[in-house]
Participant: 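Mind looking over this structure? Questions follow.
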Amino acid sequence: MNSVVSSNRSQVWNEGNRSMVASFILLAFSEFPNLQLPLFLVFLIMYMVTVLENLGMIFIIRMNPKLHTPMYFFLSHLSFVDFCYTSVIAPKLLDLLIVEDKSISFEGCMAQYFLGCTFVIIEMFMLAVMAYDRFVAVCNPLLYTVAMSHELCSLLVVITYIWAGIFSSTLTYILLQLSYCGPNVIDHFCCEYSALLSVSCSDTSFSQMACLAISMFNEACCLLIIITSYVFIVVTVIKIPTKGAFRKAFSTCASHLTAIGVCHGIVLLLYCVLKSKSSLFLVKVATVFHSMVIPMLNPLIYSLRNKDVKETVRKLIYLKCIFHSI
């Protein structure tokens, strides 16, 4: 491992008058040499389950006409984003755990950061859009299908993708303006913003402020939409005299609230709590949860409480058994 690090430290290229590293070394979980293979197997299983669950959820939603509703239209995009996000992070992590060469090219690192950042922002705002969808479903149920037309749903999704692309492009551009002249060793398993700043030899004060401002703005916008939507939902439910109205509304929103709590809880832990160098291992663990565990849990959270999803899965299993018995 030391020979790999020392050899890659010498890999530089010139850009104008600046010396730039040609690659970075991602240490991943190298502090646990005896656990590399077990970790590889665990993360491989998690990645395979995540891919099957999210692609399966998209297929089930497309297959069952009962699931052709705004909520499941957004959920299909959430599953797509989760699949893409974990596919940006997991393959490189698996590679780092079993190969001697721990390097990633400069361009590959920046591409990984851009894609990862894009999908994180999309997921945050997709959950906010789904909160608005739950608000319309509970507060205006008779006009739900009219208010949440396919055109509006498509527009909201497009805006979410464009919004994420703009901010991730901005942060990636800021990173590209910095100099990286070594050392090029990153104590992480992916190209995360703060990790890249730590190996830059430029003044990173503006970069840190820009990331903080963009992160706080996006988090505040998402939470404002979510909190406002659920405040109106609670007020509406309280006004309904029907017995069991609160339980019905909670059943409608429980899956979404669970997904919001898990996602934003990890984000706040990752970017607002775990900051010191002594917590680098906890940062890695939190990143694993955010990039692999949450994408694996989201399909389960939304499917376990839904009869139509479970019915479709049972039909698929039944058809598969009949097909194999023929």
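When a residue number appears, it is its place in the shown sequence, counting from 1. No experiment lies behind these values; they were computed from the predicted model shown.
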Participant: Should I166 and I162 count as side-chain neighbours, where that means a heavy-atom distance under 4.5 Å?
Facilitator: yes
Participant: Can you sort out the partners of L152 under side chain to side chain contact (heavy atoms under 4.5 Å, CB included), two or more places apart, ordered by chain and number?
Facilitator: M148, S149, L156
Participant: For residues V146 and V136: do they belong to one hydrophobic cluster (side chain heavy atoms under 4.5 Å, members Ile, Leu, Val, Met, Phe, Trp, Tyr)?
Facilitator: no
Participant: Does L224 share a hydrophobic cluster with L127, counting links as ILVMFWY side-chain heavy atoms below 4.5 Å and allowing steps through other members?
Facilitator: no
Participant: Going by ring pair (Phe, Tyr, Trp, His ring centres under 6.0 Å), name the residues that satisfy it together with Y132, two or more places apart in sequence or in a different chain.
Facilitator: F135
Participant: Is there a side-chain contact between M296 and D82, using heavy atoms and a 4.5 Å cut-off?
Facilitator: no
Participant: Let me confirm one number: the CG-CD1 distance from L196 to I186, rounded to the nearest 0.5 Å.
Facilitator: 4.5 Å
Participant: Would you say I159 and F119 are hydrophobically clustered, going by side-chain heavy atoms of ILVMFWY under 4.5 Å?
Facilitator: no
Participant: Taking the side chain as every heavy atom from C-beta outward, state whether F189 and I89 have any atom pair closer than 4.5 Å.
Facilitator: yes
Participant: To the nearest 0.5 angstrom, please state how far the OG1 atom of T86 sits from the CG atom of N298.
Facilitator: 11.0 Å
Participant: Can you list the steps and then say if D95 with K92 is a side-chain contact (heavy atoms from CB on, under 4.5 Å)?
Facilitator: CA-CA 5 Å; D95 181 63; K92 185 59 182 178; 3.5 Å; yes
Participant: What pair of heavy atoms forms the shortest contact from I25 to S103, and how long is it?
Facilitator: CD1-CB, 3.9 Å
Participant: Are V237 and V234 close enough that some pair of their side-chain heavy atoms sits under 4.5 Å apart?
Facilitator: no
Participant: Can you tell me how far CG of L176 sits from CD of E107, rounded to the nearest 0.5 angstrom?
Facilitator: 9.5 Å
Participant: Checking one residue: M216. Which other hydrophobic residues are in its cluster under the side-chain 4.5 Å linking rule?
Facilitator: L212
Participant: Please report the shortest heavy-atom distance between C211 and L171, naming the atom on each side.
Facilitator: CA-CD2, 3.8 Å
Participant: Just jot down the side chain to side chain contact (heavy atoms under 4.5 Å, CB included) partners of I225, sequence neighbours excluded, or say none.
Facilitator: A128, S229
Participant: Above 12 or not: heavy atoms from other molecules or residues under 6.0 Å from OH of Y144?
Facilitator: yes
Participant: Can you measure from OG1 (T236) to OH (Y230) and round to the nearest 0.5 angstrom?
Facilitator: 13.0 Å
Participant: Kindly list each side-chain donor-acceptor pair under 3.5 angstrom involving residues 35-49, sequence neighbours excluded, with atom names and distances?
Facilitator:
unit_1	atom_1	unit_2	atom_2	d
Q36	NE2	F29	O	2.7
Q36	NE2	F32	O	2.8
Y47	OH	S87	OG	3.0

Participant: Scan residues 115-166 for pairs that pass disulfide (SG to SG under 2.5 Å), counting only residues two or more places apart or in two chains.
Facilitator: none
Participant: Can you list the steps and then say if I98 with L94 is a side-chain contact (heavy atoms from CB on, under 4.5 Å)?
Facilitator: CA-CA 7 Å; I98 58 172; L94 295 172; 6.0 Å; no
Participant: Could you pull out the closest heavy-atom pair between S76 and I58, with the gap in Å?
Facilitator: O-CG1, 3.7 Å
Participant: Short question: side chain of S179, backbone of C181 - any donor-acceptor pair under 3.5 Å?
Facilitator: no
Participant: Any side-chain to backbone donor/acceptor pair from K102 onto L96? Under 3.5 Å, distance only.
Facilitator: yes
Participant: Indicate yes or no: at least one non-hydrogen side-chain atom of F106 is less than 4.5 angstrom from one of N184.
Facilitator: no
Participant: What residue pairs, at least two apart or across chains, pass salt bridge (Lys or Arg N to Asp or Glu O under 4.0 Å) with a residue in residues 27-54?
Facilitator: E31-K284
Participant: Flag the pair V88 / Y113 as yes when at least one side-chain heavy-atom distance between them is below 4.5 Å, and no otherwise.
Facilitator: no
Participant: Can you list everything that forms a ring pair (Phe, Tyr, Trp, His ring centres under 6.0 Å) with H150? Sequence neighbours excluded, please.
Facilitator: F73
Participant: Sequence neighbours left out, what pairs pass salt bridge (Lys or Arg N to Asp or Glu O under 4.0 Å) with at least one residue falling in residues 197-206?
Facilitator: none
Participant: Can you list every side chain to side chain donor-acceptor pair (under 3.5 Å) pair that touches residues 155-172, not counting sequence neighbours?
Facilitator: H77-Y161, T118-S168, W163-N218
Participant: Starting from the C-alpha separation in whole Å, work towards a yes-or-no answer on side-chain contact (heavy atoms from CB on, under 4.5 Å) for F114 and M110.
Facilitator: CA-CA 6 Å; F114 169 75; M110 292 299 165; over 6 Å; no
Participant: Specify the closest pair of heavy atoms between L197 and S207, including all atoms of both residues, with the distance to one decimal.
Facilitator: CD2-CB, 3.7 Å
Participant: With side chains defined as the heavy atoms from C-beta onward, is the minimum distance between Y180 and S202 less than 4.5 Å?
Facilitator: no
Participant: Identify the heavy atoms of S79 and M57 that sit nearest to each other, and give their distance.
Facilitator: OG-CG, 3.4 Å
Participant: Any heavy-atom pair between the side chains of T287 and E192 that's under 4.5 Å?
Facilitator: no
Participant: Should V129 and F217 be counted in the same cluster of Ile, Leu, Val, Met, Phe, Trp and Tyr side chains packed under 4.5 Å apart?
Facilitator: yes
Participant: Looking only at non-hydrogen atoms, find the nearest pair between F289 and P295 and report the distance.
Facilitator: O-CD, 4.4 Å
Participant: Checking C109 now: which residues fulfil disulfide (SG to SG under 2.5 Å) with it, not counting sequence neighbours?
Facilitator: C191
Participant: Once rounded to the nearest 0.5 Å, what's the spacing between atom CE of M126 and atom CZ of F74?
Facilitator: 7.5 Å
Participant: Counting only pairs under 3.5 Å, give me each side-chain donor-acceptor contact of residues 59-66, with atom names and distances, residues two or more places apart or in other chains.
Facilitator:
unit_1	atom_1	unit_2	atom_2	d
N64	OD1	K66	N	3.0
N64	ND2	T312	OG1	2.6

Participant: If two hydrophobic side chains count as joined below 4.5 Å and joins carry through other members, does L55 share a cluster with F80?
Facilitator: yes
Participant: Is it the case that more than 12 heavy atoms not belonging to F232 sit under 6.0 Å from its CZ atom?
Facilitator: no
Participant: CG of L67 to OH of Y72: how many Å apart, nearest 0.5 Å?
Facilitator: 6.0 Å
